[in-house]
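This report refers to the structure that appears directly beneath it.
Each chain gets a letter, A, B and so on, in the order the sequences are listed, and its residues count up from 1. All heavy atoms count here, side chains included; hydrogens, waters and symmetry mates do not.
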Amino acid sequence: MGRMIYLKDVVTLALDPEKCVGCGLCLVVCPHAVLGMNAKRARIEDRDACMECGACAQNCPTGAVTVQAGVGCAAAVINAALGRKGDSCCCVIEPTDQGLAQRSDKSQRRRCC
Amino acid sequence: MSLPSLNQPFVVGSIPTAIGAAPQVGASTAWPDRWGSIKARWGVERMHYTVEPGLYGLGHPHERSPVLVTANYKMSFDRLRQALPGRDVWILVLDTQGINVWCAAGKRTFGTTELVRRIEASALPRIVAHRELILPQLAGPGVAAHQVKKLCGFQVVYGPIRATDLPAFLDSGRKATAPMRIKTFSTWERLVLIPVELVSAAKWALMILPAFFLLGGLGGAAPFWSNALNDGIFAVIALLSGLAAGVFFTPLLLPWLPGRPFALKGLGMGLLAALILAALRRPDFGNAQSCLEMLAWFFLVPALSAYLGMNFTGCSTYTSLSGVKKEMKWAVPLEITGGVIGLGLWLGSRWMA
C-alpha cells in the first residue's frame, strides 16, 4: 500500500528560495517528506502530500517557508461556522448561551476527535 | 519553581535535585495505566486523563542525562516511558491541558512559550549540565526551535515521530532514519480511533433511532405495533448500517475506497450499504409504497455515511485544511440535500399506504 495522498493542488505551502539559508530544519519536522534539499537550499518536492500542519514555517528561521497552517478537520470547520469556541476538532467547548451560562460549568459540553 | 507531586499513582520513587525531590517513574505500566488508556480510547474521562506538568525522572537520571519533552496527556506520557526500558532520562511534561502532542502543537499549547516557561519553572538549567532538549517531531507545528534557543539557550533536537523509535534514535547519536520521520496511518492506527467516533455518533443515534422506530408505526396498512416492528425496525437497521458504513467501514477501508475526498469514500460505502439493505429487504416493485421506502434509504444511508466519512478527516494524519474546505463546499450541500430528500420520501411512504 502506497502513501495516502489527499486532494491535488489545494495546499497553500510556498517556499522563497532567496530567503532559504539551507538549515534543513523544515525537512526534519515535515511528517510527510514534502520538502527536499537541492544545492544547499530547500525545495518543495511533493506538494500534494502537504497537510498544512505548519511545522516547516514555524521552524524556518528566515521565513522562507510559508503556509496557511490549520487542522484539516471537517468537524472543526463546522464548529467554526456555527460559532462554537475552539479552532480545532480536539476539545471543542460548546458555547453556553446567555440563559444557560448562569446554570453551571457542566452545561459546557466537550467533544473531541 | 516547583516539581510535580510525588503523590501520583504511577510514581515509584523520588530523585533529589537542586530544587527538591522530582518524581521518579519506571518504564513499565501497570493495569490502571492500561485500563485508563482503553477508557480514553472509548471517550471515557478522556478530557481529564492527565499527569501533572513538570520534570520527572525515568530510571536514575543525572546531570548528563537526555531531557525528553512530552505532553501532559497521560497516554502520551505512558507511551514515552514505555518505549525506554532500562534508560535513565529526564521527562519534561508540558501543560497541554491533557491534549496529545500533535493536537496541542497545532493549537500552540505545546508551544515555544509553554516550553520556555516550563524549563524555567523546573529549574532545568540547574538540574542538567547540558543544553539540549529532545522533542517529538510532531511538536513542530507549535515550537520554533530557533526561538527556544534564543529565549533560554536550549538547543531543540527533533526526535522521531513514534516513541518506539527513540532507543534507536538515542543510540545512533540523535539520528532519525527517513521512515522515523514519516507519519503513517496504518489500519491499526485507524482502528484505534474508531471507538471515540462511535461513542460520539451513538449519542445522536440514541435520540434519532427511537423517533424513526415510532414513526415507522404510524401510517402503513397494519396496526401500529405491527408496522413499527416491520418498517420501524427496518428503519433502525438501515440507519445503523449507514452509521456503520461511515464510522466503521470507511475509516477501516480508507486507503482502498475510491476517490480522494473522505465524503466520497463515505458515499461509496453508504451506497454499498444501501444495496445490501435492498437485497435483504427485497422491495415489492409492483408496490409504489414499498419502492418509495427503499428509494428513501438510497438517499438517507449514503448521505449519512458521506457525512460521517467526511468527519473522519479530523482523525486522519494527512488531510489539509484547504483540502477539507474544498471538499466541504460540495459535500455538505450534497449531504443535506440527500438527507432532506430521503427523509421526505420515507415520511411520504409512511402516509401512502
* Give, as side chain, backbone, both or neither, the part of B/M310 having an atom under 4.5 angstrom from any heavy atom of chain A. => both
* Tell me the salt bridge (charged side-chain N to carboxylate O under 4.0 Å, His left out) pairs involving residues 320-337 of chain B, sequence neighbours left out? -> none
* Asked: What pair of heavy atoms forms the shortest contact from B/P141 to A/A55, and how long is it?
  -> N-CB, 3.5 Å
* Structure fact -> Closest heavy-atom pair, A/V29 versus B/Q137, reported as atoms and distance to 0.1 Å, is O-NE2, 3.1 Å
* Structure fact -> In terms of heavy-atom pairs under 4.5 Å with chain B, the winner among A/Q68, A/K8, A/E52 is A/E52
* **Under 4.5 Å from any heavy atom of chain A - which part of B/T112** => side chain
* Contact class of B/L254 relative to chain A, heavy atoms under 4.5 angstrom -> side chain
* Pairs of heavy atoms under 4.5 Å with chain B: top-ranked of A/I5, A/V77, A/I78 -> A/I5
* Structure fact -> Scanning both residues in full, the closest heavy-atom pair of A/L25 with B/A145 reads CD2-CB, 3.8 Å
* Asked: Which atom pair, heavy atoms only, marks the closest approach of B/F185 to A/M4?
  -> O-CE, 3.0 Å
* Inter- and intrachain pairs under salt bridge (charged side-chain N to carboxylate O under 4.0 Å, His left out), touching residues 150-166 of chain B, at least two apart -> B/R162-B/D165
* **When B/G323, B/A178, B/S320, B/P261 are compared by non-hydrogen pairs under 4.5 Å with chain A, the top option** => B/S320
* Asked: With a 4.5 angstrom heavy-atom cut-off, which part of B/L193 approaches chain A: side chain, backbone, both or neither?
  -> neither
* Asked: Measuring heavy-atom distances to chain A, does B/F312 have an atom under 4.5 Å in its side chain, in its backbone, in both, or in neither?
  -> neither
* Structure fact -> Turns out that what part of A/C60 lies under 4.5 Å from chain B's heavy atoms comes down to backbone
* **Interface residues of residues 10-21 of chain A facing chain B - non-hydrogen atoms under 4.5 Å apart** => A/V10, A/V11, A/T12
* Structure fact -> One should read off an interatomic distance between A/Q58 CD and B/H146 NE2, to the nearest 0.5 angstrom, of 7.5 Å
* Asked: Would you say the side-chain atoms of A/H32 pair up with the backbone N or O of B/T317, donor to acceptor, closer than 3.5 Å?
  -> yes
* Asked: Which bit of B/V332 comes within less than 4.5 Å of chain A, counting heavy atoms only: side chain, backbone, both or neither?
  -> neither
* Atom CD1 in B/I182, atom SG in A/C30: separation rounded to 0.5 Å? -> 7.0 Å
* To do: Side-chain contact test, heavy atoms from C-beta onward, threshold under 4.5 Å: evaluate it for B/W102 versus A/P31 and give yes or no.
  => yes
* Can you tell me if CD on B/E132 sees more than 12 non-hydrogen neighbours from other groups inside 6.0 Å? -> yes
* Which of residues 34-51 of chain A get closer than 4.5 angstrom to chain B, counting heavy atoms alone? -> A/C50, A/M51
* Taking C-beta and beyond as the side chain, do B/V324 and A/C73 meet within less than 4.5 Å on heavy atoms? -> no
